[in-house]
Amino acid sequence: MLKIATWNVNSVKARKERLLSWLQREMPDVLSLQELKVEADGFPLAEVQDAGYQAVLNAQKTYNGVALLAKRELLDGQSGFGDAVEDTQARHVEATVCGLRVLSVYAPNGGDGAGDKWTYKLAWLDRLLAYLERTHDPRAPLLLCGDLNIAPDDKDVARPDAWKHTVLCRPEVRDAFARLLAWGLSDVMRAHHPEGGPYTWWDYRMLGFQKGNGLRIDHILATLPLAAACTSAGVDRNERKGTQPSDHAPVYALFDWPKSA
DNA sequence: ATGGTTGCTTAGCAA
């Protein structure tokens with residue numbers, strides 16, 4: 001059994017104690033992190049290693065930054081799509097663990113949906129798909145984990161009318177999500193929660209969590225050989241409570257898959 | 001329509 005999780009921690013510095021205690025309590029085999037917001041030397045590597053984890057980082061100062069943590073060896077770490085685009089934002093890292101290729105991604109938010117940030121988001125999602133098509137095989141065991149900044153369906157939004165025209169819900173990004181699935185990825189959360197949700201993010205503004213104004217924008221997508229082995233999936237909603245929470249809760253999925261693979 | 005909160009950086013941006 002493999003436990004895979006993904007968590008946008010919204011600053012690994014601000015979330016260090018929460019991250020370490022969550023790791024020790026939940027002991028996922030693999031944890032995908034987003035929004036580290038620190039350079040590599042600001043990442044709490046020694047503490048993470050003390051907790052029994054290896055790490056592969058694509059770190060960046062102030063914004064973005066992604067990582068993969070794992071109890072087993074992380075092999076062949078790689079960052080960035082290696083395409084023709086000049087991109088300074090750290091939004092992708094991947095590695096092989098337990099025979100799986102695992103990607104941790106932080107998709108652009110898209111801002112107000114009018115300017116450069118929106119153009120960049122749509123282009124980045126296109127580049128992600130092109131990268132998968134170019135470098136990966138959907139018949140192989142692969143996991144795409146992270147904050148895609150897409151709520152795939154109105155069922156994934158507590159108040160769909162309020163969010164309908166935003167960058168998280170517009171048809172363009174829902175189409176990008178659908179194209180990832182068409183390539184060969186399966187939304188394991190949807191498979192185990194066909195009713196929609198559970199939500200993974202609540203805006204700090206407007207006291208989103210307190211008002212139940214959530215969306216499902218963090219995802220674990222699996223190619224078919226792995227999706228078939230997924231036995232359950234959920235969101236650790238409690239981690240959004242208490243003092244100094246991230247605005248995202250951890251998302252996890254269990255797979256009937258050998259750790260030794 | 002606007003506002004509300006948090007984090008990084010230090011007044012303004014990003015989410």
Side-chain angles (χ1 to χ4, degrees), chain A residues 6-22 32-45 47-48 57-67 87-93 104-125 128 145-152 156-170 172-174 176-177 199-219 235-251:
Chain A
T6 185
W7 191 9
N8 180 327
V9 289
N10 185 17
S11 168
V12 74
K13 212 173 274 181
R15 227 63 62 200
K16 186 171 100 169
E17 294 311 319
R18 273 191 181 256
L19 170 63
L20 293 171
S21 59
W22 192 82
S32 151
L33 295 171
Q34 296 84 39
E35 285 208 85
L36 304 178
K37 296 187 173 182
V38 291
E39 305 251 39
D41 61 7
F43 186 86
L45 186 60
E47 293 92 332
V48 161
L57 309 180
N58 181 11
Q60 175 179 358
K61 191 182 173 187
T62 311
Y63 301 120
N64 312 312
V66 290
D87 192 342
T88 58
Q89 303 191 28
R91 298 183 174 275
H92 158 248
V93 68
S104 174
V105 299
Y106 174 47
N109 173 281
D112 62 6
D116 291 349
K117 288 183 198 155
W118 174 237
T119 310
Y120 173 64
K121 178 178 193 172
L122 297 181
W124 190 92
L125 290 168
L128 170 61
C145 301
D147 178 0
L148 290 178
N149 269 313
I150 302 170
D156 301 307
V157 185
R159 298 174 195 174
D161 287 344
W163 291 91
K164 179 156 59 171
H165 301 295
T166 72
V167 292
L168 304 181
C169 295
R170 283 195 190 172
E172 294 94 323
V173 297
R174 286 182 171 172
F177 189 89
Y199 308 135
T200 68
W201 172 79
W202 298 260
D203 202 336
Y204 287 132
R205 296 167 290 187
M206 302 175 290
L207 300 176
F209 187 72
Q210 294 83 336
K211 297 180 183 174
N213 191 2
L215 296 87
R216 185 173 75 100
I217 61 174
D218 301 89
H219 302 282
V235 173
D236 188 354
R237 209 171 173 284
N238 280 330
E239 197 54 49
R240 184 61 177 79
K241 301 177 181 172
T243 56
Q244 280 200 293
S246 169
D247 44 353
H248 298 251
V251 175

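In the text below, chain A, chain B and the rest are named by the order of the sequence lines, each starting its count at 1.
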Roughly, in whole Å, what's the span from [atom1] in [X] to [atom2] in [N]?
X	N	atom1	atom2	result
A/Q34	B/dG7	CD	P	17 Å
A/L207	B/dG4	CG	C1'	7 Å
A/K61	B/dT9	NZ	P	6 Å
A/W202	B/dA15	CH2	C1'	16 Å
A/D203	B/dG7	CG	C1'	13 Å
A/K13	B/dT9	NZ	C1'	11 Å
A/E35	B/dA14	CD	P	13 Å
A/Q210	B/dG4	CD	C1'	11 Å

Side chain of [X] only, please: which of [options] is the nearest?
X	options	answer
A/R91	B/dG3, B/dA15, B/dG7	B/dA15
A/Y63	B/dA15, B/dC8, B/dA14	B/dA14
A/Y204	B/dC8, B/dT6, B/dA15	B/dT6
A/N109	B/dA15, B/dC13, B/dC8	B/dA15

(message) Evaluate A/L215 against A/D156 for side chain to side chain contact (heavy atoms under 4.5 Å, CB included), listing each step before the verdict.
(response) CA-CA 6 Å; A/L215 296 87; A/D156 301 307; over 6 Å; no

Would you kindly compare A/W201 and A/P245 by the position of their nearest DNA chain B nucleotide and give the one closer to the 5′ end?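 Of the two residues, A/P245 wins.
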
Review point. When you match A/M206 and A/Q89 each to their closest nucleotide on DNA chain B, which lands nearer the 5' end?
Key: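 The residue closer to the strand's 5' end, by nearest nucleotide, is A/M206.
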
Legend entry - A/N213: which of A/W163, A/W201, A/Y199 passes side-chain hydrogen bond (donor to acceptor under 3.5 Å, both in side chains):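 Testing each of A/W163, A/W201, A/Y199 against A/N213, the sole residue satisfying side-chain hydrogen bond (donor to acceptor under 3.5 Å, both in side chains) is A/W163.
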
What's the gap between [N] and [M] when it is taken at their [atom1] atoms, as a whole Å value?
N	M	atom1	value
B/dA15	B/dG4	C1'	13 Å
B/dT10	B/dA14	C1'	15 Å
B/dA11	B/dT6	C1'	16 Å
B/dT9	B/dC13	P	15 Å

(message) Students often get this wrong, so: under 4.0 angstrom with heavy atoms, is A/Y106 touching a base, only sugar-phosphate, or nothing?
(response)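 Counting heavy atoms under 4.0 Å across all strands, the contact made by A/Y106 is with sugar-phosphate only.
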
- Query: So, A/E35 versus A/S11: side-chain donor-acceptor pair below 3.5 Å or not?
  - Reply: no

### Query
Does a donor on one side chain and an acceptor on the other come within less than 3.5 Å for A/W7 and A/D218?
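There is no such pair between these side chains.
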
Under 6.0 Å from the ring centre and within 45 degrees of the ring axis: does the NZ or CZ of A/R91 meet both conditions for the six-membered ring of A/Y106?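 Yes; both conditions hold, so A/R91 lies above the ring face of A/Y106.
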
Ring centroid separation for A/F177 and A/H219, is it under 6.0 angstrom?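 Centroid distance A/F177-A/H219: below 6.0 Å, so yes.
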
Check: Do any side-chain nitrogens or oxygens of A/S11 fall under 4.0 Å of OP1 or OP2 in B/dT6?
Finding: no

Please tell me if A/R15 has a side-chain N or O lying less than 4.0 Å from either OP1 or OP2 of B/dG7.
yes

